[in-house]
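Everything below concerns the one structure shown next.
FYI, the numbering just counts along the sequence from 1.
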Amino acid sequence: MEGQAREHVSPKAQAPDQRRRLVIACAVTLCIVAAQAIGAWLTGSLALLTDAVHSLADSIGLIVAVIAASLMFRGVSSTRSWGYRRVEVLAAGAQAALLAGIGTYAAIEGVRRLYDPQEVLYVELLLFGVAGLVGNIISLLVLAPRRTTNLNLRAAFLEVSADALGSLGVIVAAAVIWLTGWHQADAVAALLIAAMIVPRAVLLLRDTGRVLMEFVPRGLDLEDVRQHILAIDHVQDVHDLHASTVATGLPIISAHVVVEESCFTSGCAPAKLAELSTCVAKDFGVSITHSTFQLETAERATHEGLTDGAHPCARP
């Protein structure tokens, strides 16, 4: 998320298009859920049931994604300075948790059915598998142009992709049962669906966790940033250097910068602030346009007790 190229159009301007694409994908996925649920009941297929429950979770996630896309640029107030920008991260995390739970269930039930296979109506299974795949392809085509815009859309695209692979697995299972009569193919397909779901869920949980834990954005080295700042004229030290990500496309950075006292007496402090802001916006792989720097004298820094190296970001 954090290292992806930025769009020229602002995220806020993209919001209506994001909502439209998510609504279309959600409607298609709900239709797939209904068809697969009926198909699982008629055929007795674990693979189709797993894919149906997976699609149901995806549809719930897509509904949450629609809500997130609607709220993420609203609600800025004196008590919510970032508004609801982080809703997209919470939505992506919730979807990932659902995927992990479904994948675990499919794995357990799939193993059980390997030893206790159930007869499956393979012709009907094939038809429902093809119908699900067609619906998934439609959703993928709708979401693909914006899939890297933010975590919210990335989660939705990954979920529909996993659904498409699940539908493909259902089709293969139906064909194997039809041609060989080996009904365990249905359980194998369910296990394969689980194997596709869980790693994607783990990766998405990791990325959302990085944002919620306020880790440094990917592609940004704070030590490199500190050295660049120290190289600026009249800068003596840097401490309390922090960087994190509020939401997709919104990395932030803050620091206390110790400058020579002459900067305050000669009036060059504003120029130093401008130079610092330009540095973090242009000199690194991650462009940070939202920066906060506190200029202070060495005496003030000493008063804070931070220039003696006790602080983890203090100059060694």
Side-chain angles (χ1 to χ4, degrees), residues 1-6 10-12 72-73 75-90 150-151 206-316:
M1 167 191 130
E2 299 151 343
Q4 292 169 350
R6 295 176 303 281
S10 70
K12 186 172 183 178
M72 59 192 291
F73 296 109
V76 175
S77 69
S78 59
T79 58
R80 294 186 298 271
S81 60
W82 293 113
Y84 295 102
R85 287 296 301 269
R86 196 159 276 186
V87 167
E88 58 141 321
V89 182
L90 297 176
N150 57 41
L151 273 176
R206 181 198 65 183
D207 287 349
T208 55
R210 285 184 60 87
V211 176
L212 294 175
M213 292 295 291
E214 298 193 353
F215 288 175
V216 176
R218 290 187 185 280
L220 186 68
D221 184 341
L222 277 192
E223 180 58 28
D224 189 27
V225 173
R226 194 172 74 85
Q227 293 302 326
H228 272 68
I229 293 175
L230 288 172
I232 295 176
D233 290 341
H234 307 297
V235 172
Q236 297 179 325
D237 198 4
V238 182
H239 61 86
D240 277 313
L241 177 59
H242 302 285
S244 61
T245 304
V246 174
T248 300
L250 187 53
I252 61 175
I253 193 168
S254 63
H256 289 214
V257 180
V258 180
V259 297
E260 297 173 0
E261 290 192 26
S262 60
C263 284
F264 297 98
T265 57
S266 66
C268 74
K272 290 295 110 179
L273 285 174
E275 194 171 352
L276 288 166
S277 297
T278 301
C279 173
V280 297
K282 295 184 177 180
D283 292 352
F284 307 100
V286 177
S287 176
I288 304 179
T289 57
H290 191 99
S291 55
T292 304
F293 295 107
Q294 175 177 310
L295 299 185
E296 58 190 24
T297 62
E299 181 181 358
R300 171 60 183 169
T302 302
H303 177 72
E304 292 177 352
L306 296 175
T307 57
D308 57 1
H311 192 277
C313 288
R315 186 175 183 177

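For the pair E214/H242, no side-chain contact is recorded, criterion being any heavy-atom separation below 4.5 Å from C-beta on. The shortest side-chain heavy-atom distance between D207 and V89 does not fall under the 4.5 Å cut-off. Annotation: side chain of V258 is not in contact with side chain of T297 (no heavy-atom distance under 4.5 Å). Looking at heavy atoms from C-beta onward, I252 lies out of side-chain contact with T245 at the 4.5 angstrom threshold.
For Q294 and H239, the side-chain atoms include no donor-acceptor pair closer than 3.5 Å.
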For the pair L212 and L90, evaluate side-chain contact (heavy atoms from CB on, under 4.5 Å) and give the outcome as yes or no after the intermediate values. CA-CA 9 Å; L212 294 175; L90 297 176; 4.1 Å; yes
Would you sort out whether V257 and I232 count as a side-chain contact (heavy atoms from CB on, under 4.5 Å), showing the intermediate values? CA-CA 11 Å; V257 180; I232 295 176; over 6 Å; no
Using side-chain contact (heavy atoms from CB on, under 4.5 Å), reason through I253 and T292 one step at a time and then give a plain yes or no. CA-CA 6 Å; I253 193 168; T292 304; over 6 Å; no
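The line from CZ of R226 to CG of D221 is 10.5 Å long, rounded to the nearest 0.5 Å. From E296, atom CD reaches atom CG of D237 across 9.0 Å, with rounding to the nearest 0.5 Å. Separating the SG atom in C268 from the CD atom in E260 is a distance of 8.5 Å, to the nearest 0.5 Å.
With hydrogens and angles disregarded, a donor-acceptor distance shorter than 3.5 Å links the side chain of R210 to the backbone of V216. The closest donor-acceptor contact from the side chain of R86 to the backbone of A247 lies at 3.5 Å or more, if one exists at all.
What you find for L222 and A243 is that their closest heavy atoms are CD2-CB, 3.8 Å. Heavy-atom minimum distance, A255 versus L241: CB-CD1, 3.7 Å. Of all heavy-atom pairs between S287 and P251, the closest is O-CG, 3.6 Å.
For F284 and H228, the distance between ring centers is under 6.0 angstrom.
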For residues 274-282, run the donor-acceptor check on the side chains, cut-off 3.5 Å, and write out each pair with its distance to 0.1 Å, sequence neighbours left out.
{"unit_1": "E275", "atom_1": "OE1", "unit_2": "K272", "atom_2": "NZ", "d": "3.0"}
{"unit_1": "S277", "atom_1": "OG", "unit_2": "L273", "atom_2": "O", "d": "3.1"}
{"unit_1": "T278", "atom_1": "OG1", "unit_2": "A274", "atom_2": "O", "d": "2.9"}

